[in-house]
2 protein chains.
Amino acid sequence: MTEPADDPRRPGADAGSKTSLQRGIAILRAIAAHGGTGARLTDLARDLGMTPPTVHRLLKALVAEGMIDHDPQGKRYRLGLDLFVLAAQAGSCGTLRDMARPILLRLSATLRETVFLLVRNGFDAICLDRAEGPFPIRSFTGDIGGRVMLGIGQGSLTILAHLPEDEQQEVIRFNLPRMQGMGFLDEVYLRTAIAKVKAQGYSSQHSGLLPGMSGVAVPVFDRQGRAVAALSIGTPTDRLTDERLTVVVDILRREAAGISRQLNPFDPALSRSGVSGSIV
Amino acid sequence: MTEPADDPRRPGADAGSKTSLQRGIAILRAIAAHGGTGARLTDLARDLGMTPPTVHRLLKALVAEGMIDHDPQGKRYRLGLDLFVLAAQAGSCGTLRDMARPILLRLSATLRETVFLLVRNGFDAICLDRAEGPFPIRSFTGDIGGRVMLGIGQGSLTILAHLPEDEQQEVIRFNLPRMQGMGFLDEVYLRTAIAKVKAQGYSSQHSGLLPGMSGVAVPVFDRQGRAVAALSIGTPTDRLTDERLTVVVDILRREAAGISRQLNPFDPALSRSGVSGSIV
DNA sequence: TCAAAAAATTCCAACATACGGAATATCGAG
DNA sequence: CTCGATATTCCGTATGTTGGAATTTTTTGA
């Protein structure tokens, strides 16, 4: 009580969580961070610096809402289906995602590659959607909902490169320290890459993240001309000849332009029925 | 206050949300129900029977957590990216979904149809994942996260048919009233369909939901032999000859069995890294 | 198998914080 | 510019939240 939560432990927890609603959300996050195994009450309490009774009560509320599932035997808590349902309809970019989906499918069919749609979110990029290519060789990274620092990976790098100067600086300043462990990413390297992408208008490179894999990405602009998203493909490096690169970039550019054109962020006409669709 | 009373939403939700955490979640749901347009504060207050100040404060907390985005100009609130990210890792079935994904992809490639993975959730079934078929003709219903009553649609019907007798009764009793508006679904019809599915071990029929579309579905059992999910395809009716139906059912059955075999709900070994993956 | 330890859950009084009416600021239309 | 509607802030009150302690349940170890 008297101790003002000094955010003692794990990073990722906000320093000053105050409202109980925020505490509840912190619990959701902690459970998500725990992975598919599920989290135990005590672990959550320790990780979040809350007392077991508090965690228990919040958990109970979350379970009642279906946001969490509770194994009665295993004593483990995991993210629940209702959360999944809820987020399927999220969010501010719901329209972007809905709109881009057929395009992703078409692209993956045409290019026979896995296609990603990334959007910017603060200092990160988030994988909003992906459409699998037909080949068994494909990256299992970049899961939907996955998050990477702006600057890591081609799609992410493309967004960063096309940001306004000042925002770009801010992001770099913020992200560089976070890139410590990655080794090969120093400031010079990053700025060189950005300059190149900005000049080309697209990004293409062996990913560096996955041996043998390459990525190609182009920016998606909103109606105000801001780079809000990126369209990218992941492919084995040896499948990406210079000739093919030209073709791929061309196609990606065309589709990205199509998305931009449809991207009217405040057009209510874009609103889909939204709620649960019927299933075959 | 008073009693906004009838919230004919879903069964698990208590009419009287009590904790502020639950109120916050109710707000998330209300925003989701509002669709991509976004919801205004007053609407939310009215819909939920809360006062504007309360809604405002809760919204502020949710925005602070990134669960909601707030258009400063438009005064509209929409589901935020963080919610999307969170749920991408949900949930209790995260393992099921992760595990089933390659199977879905393989199926959609083999059958050249759109494949759905449905799981039971109370009185409903939820579309956990889908893999698009290569043909332009495809159903746009059954979006990921979409929800249907148990009994509507082939996948959903299959799950219902394979439920234990008592649970089945309970679901039917609960759902029949909800099916009022659907006209062609009376109790006799439903029970006949269930009996047939149970006898066959699979479900196949023109959907009735979409003209010209048919569905084929087989149940997925967990290790305790309970029907927890269904694997289904949606296809134009005229593409589904009797001969092809046999083949399709056979393949679906084989894959469903594969899923069942891997479905060890308490095997920690199944836990994936879970957290953000790197993106190409 | 049983006992001891750990975890989960319940209880409850003190208290913090969430609530909502009212006031104020802001937006939008006429 | 004025008016009505909506969003936001304020603040006293009471309700919901909190955490220590007690109780129950599960896990661990012998």
Q: Apply the side chain to side chain contact (heavy atoms under 4.5 Å, CB included) test between A/Leu62 and each candidate in A/Asp82, A/Leu28, A/Leu83, A/Asp69; give the one that qualifies.
A: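 Going through A/Asp82, A/Leu28, A/Leu83, A/Asp69 one by one, the side chain to side chain contact (heavy atoms under 4.5 Å, CB included) with A/Leu62 is satisfied by A/Leu28 alone.
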Rounding to an integer number of Å, can you tell me how far [X] [atom1] sits from [N] [atom2]?
X       : N      : atom1 : atom2 : result
B/Arg76 : C/dC27 : CZ    : P     : 16 Å
B/His56 : D/dC10 : NE2   : C1'   : 13 Å
B/Asp71 : C/dC27 : CG    : P     : 14 Å
A/Gln22 : C/dA16 : CD    : P     : 19 Å
B/Arg40 : D/dT6  : CZ    : C1'   : 8 Å
A/Leu48 : D/dT18 : CG    : P     : 12 Å
B/Leu58 : C/dT17 : CG    : P     : 15 Å
A/Leu59 : C/dT9  : CG    : C1'   : 12 Å

Q. Looking at the side chain of B/Arg57, which of C/dG21, D/dT17, C/dC19 is the nearest nucleotide?
A.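 Comparing C/dG21, D/dT17, C/dC19 against the side chain of B/Arg57, the answer is C/dC19.
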Q. Closest to the B/Thr54 side chain: C/dG20, D/dT8, D/dG20?
A.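 Among C/dG20, D/dT8, D/dG20, the one nearest the side chain of B/Thr54 is C/dG20.
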Q) Which sits closer to the 5' end of DNA chain C, A/Leu21 or A/Leu41, going by the nucleotide each is nearest to? A)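 Its nearest nucleotide being more 5', the pick is A/Leu41.
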Q: Could you check A/Ser20 against A/Lys60 and say which one's nearest nucleotide on DNA chain C is further toward the 5' end?
A: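 Per heavy-atom nearest nucleotide, the more 5' residue is A/Lys60.
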**Q.** Which atom of A/Leu150 lies closest to which atom of A/Leu160, heavy atoms considered
**A.**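 It is O-CD2, 3.8 Å.
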Q. Any idea how B/His162 and B/Phe221 line up, ring-wise: parallel (<30°), tilted (30 to 60°), or perpendicular (>60°)?
A.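 Rings of B/His162 and B/Phe221: perpendicular, over 60°.
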Q | With B/Glu167 via salt bridge (Lys or Arg N to Asp or Glu O under 4.0 Å) - residues at least two apart | A |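 Here the qualifying residues are B/Arg120, B/Arg226.
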